[in-house]
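First comes the structure, then the notes that go with it.
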Amino acid sequence: MEQNLKKKLLPFILTIAVIILDQITKALIVKFIPPYTIGAQFLGDFLRIIHVYNTGVAFSFGAGWPDAVRRIMFSIIPIIVLILVVVVYMRNNDFTQVQRWAIAGIVGGGFGNIIDRVFRPSGVVDFIDVKFYGLFGLQRWPTFNVADSAVVVCGIMLIISFIVTIVKDSKKQAENKKTEE
């Protein structure tokens, strides 16, 4: 049982690493780049490090909502959801290690942005700005940060791992059916 607990707790190293890296990078941006300016550009203007605040969530959704509504919708509810995710994570013995690491990364990214929502009245610090060449009607992808990156990358990893697990289980069931016949 202790070994099982260790397997469940080890991925939280990623949660802590994402939170620390996210908060350090945001602190550096706040300290060295004035708000709403470009601090650096790479590969022409393909990648820019800028300093903006997002009072909404993904793609600035809800940025215009009243402050009290934003606080409840984007701070309190996500905290409750992340706590529920951790509870399910700890109680579930069926997740693979890849799924556990992916969930831990998502939790780290979620808490990284919640820290900003709670402690930065201006909003979540975003600073990675990438040219998108008009795809989906966007010249530039919406600005993001380390926490956002962790949520997206780990979310994709989690979805792929679920698909792989489903495919493996389907193949196993098909093989079992053949041997029974």
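Predicted model only: the values in this text are computed from it and were never measured. Basis for what follows: all heavy atoms, side chains included, without hydrogens, waters or symmetry-related copies.
When every heavy atom of Gly105 is checked against every heavy atom of Ala150, the shortest pair comes out as O-CB, 3.8 Å. Summarising the geometry of Pro78 relative to Ile114, their closest heavy-atom pair is CB-CD1, 3.6 Å, with the distance given to 0.1 Å. Between Ala102 and Cys154, the closest heavy-atom pair is O-CB, 3.2 Å.
With a 4.5 Å cut-off on side-chain heavy atoms, Ile33 and Phe127 do not count as touching. Within the 4.5 Å cutoff, side-chain heavy atoms of Leu9 are placed close to those of Met90. Between Ile50 and Thr37 the shortest side-chain heavy-atom distance does not fall below 4.5 Å. Between Gln97 and Lys7, the closest side-chain pair of non-hydrogen atoms falls below 4.5 Å. Within the 4.5 Å cutoff, the side chain of Asp126 has no heavy atoms near those of the Tyr53 side chain. For the pair Thr143/Ile128, no side-chain contact is recorded, criterion being any heavy-atom separation below 4.5 Å from C-beta on.
Note that CD1 of Ile24 is 12.5 Å distant from CD1 of Ile29, once rounded to the nearest 0.5 Å. Atom-to-atom distance recorded for Ile38:CD1 and His51:NE2 is 13.5 Å, nearest 0.5 angstrom. The CD1 atom of Ile166 sits 13.5 Å away from atom NZ of Lys171, with the distance rounded to the nearest 0.5 Å. In this structure, NZ in Lys131 is found 13.5 Å from CG in Leu138, a value given to the nearest 0.5 Å. Taken from CD1 in Ile20 to OG1 in Thr15, the straight-line distance is 11.0 Å, to the nearest 0.5 Å. For the atom pair Ile103 CD1 and Leu82 CG, the distance stands at 11.5 Å (nearest 0.5 Å).
Val151 belongs to no hydrophobic cluster with other residues, because no ILVMFWY side-chain heavy atom falls under 4.5 Å from its own, directly or through intermediates. Clustering of Ile, Leu, Val, Met, Phe, Trp and Tyr by side-chain heavy atoms under 4.5 Å joins Val153 with none of the others.
Within a 6.0 Å radius of CZ in Phe119, other residues, nucleotides and ligands contribute 12 heavy atoms or fewer.
Residue pairs that meet the ring pair (Phe, Tyr, Trp, His ring centres under 6.0 Å) test with at least one member in residues 90-117, sequence neighbours left out, do not exist here.
In terms of hydrophobic clustering, with Ile, Leu, Val, Met, Phe, Trp and Tyr side chains grouped at heavy-atom distances under 4.5 Å, Leu28 and Leu21 are assigned to different clusters. Criterion: ILVMFWY side-chain heavy atoms under 4.5 Å apart, direct or through other members. Under it, Phe144 and Phe46 are part of a common hydrophobic cluster. Neither Val152 nor Leu14 shares a network with the other; the hydrophobic side chains, linked directly or stepwise wherever heavy atoms of I, L, V, M, F, W or Y lie under 4.5 Å apart, form separate groups for each. Taken together through direct or relayed side-chain contacts under 4.5 Å among Ile, Leu, Val, Met, Phe, Trp and Tyr, Ile83 and Ile80 form part of one hydrophobic cluster. In terms of hydrophobic clustering, with Ile, Leu, Val, Met, Phe, Trp and Tyr side chains grouped at heavy-atom distances under 4.5 Å, Tyr36 and Phe32 are assigned to different clusters.
Phe12 is linked by a ring-ring contact (aromatic ring centres under 6.0 Å, His included) to Tyr89, counting only residues two or more places apart in sequence or in another chain. Scored by the side-chain hydrogen bond (donor to acceptor under 3.5 Å, both in side chains) test, Asn92 finds no partners at all (sequence neighbours excluded). Remark: Arg48 engages Asp129 in a salt bridge (charged side-chain N to carboxylate O under 4.0 Å, His left out) (not counting sequence neighbours). Scanning for salt bridge (charged side-chain N to carboxylate O under 4.0 Å, His left out) contacts around Asp148 gives an empty result, with sequence neighbours left out. Considering only residues two or more places apart in sequence or on other chains, Arg120 meets the salt bridge (charged side-chain N to carboxylate O under 4.0 Å, His left out) condition with Asp116. For Asp22, the side-chain hydrogen bond (donor to acceptor under 3.5 Å, both in side chains) partners at least two apart in sequence or on another chain are Lys26. By the side-chain hydrogen bond (donor to acceptor under 3.5 Å, both in side chains) test, Asn93 is found to be paired with Asn4, Lys8, residues two or more places apart in sequence or in another chain being considered. Not a single side-chain hydrogen bond (donor to acceptor under 3.5 Å, both in side chains) links Lys168 to another residue, sequence neighbours left out.
Ring pair Trp141/Phe132 is tilted by interplanar angle, where 30° to 60° counts as tilted.
Under a 3.5 Å cut-off, the side chain of Gln23 and the backbone N or O of Gly112 do form a donor-acceptor pair.
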Inset, instruction - Carefully, step by step, assess Thr165 and Gln99 under the rule side chain to side chain contact (heavy atoms under 4.5 Å, CB included). - result: CA-CA 10 Å; Thr165 300; Gln99 291 165 347; 3.4 Å; yes
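Using a 3.5 Å distance cut-off with no hydrogens or angles, the side chains of Asn54 and Asn145 do not pair a donor with an acceptor.
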Kindly list each side-chain donor-acceptor pair under 3.5 angstrom involving residues 156-163, sequence neighbours excluded, with atom names and distances?
| residue | atom | partner | partner atom | Å |
| --- | --- | --- | --- | --- |
| Ser161 | OG | Met157 | O | 3.4 |
| Ser161 | OG | Leu158 | O | 2.8 |

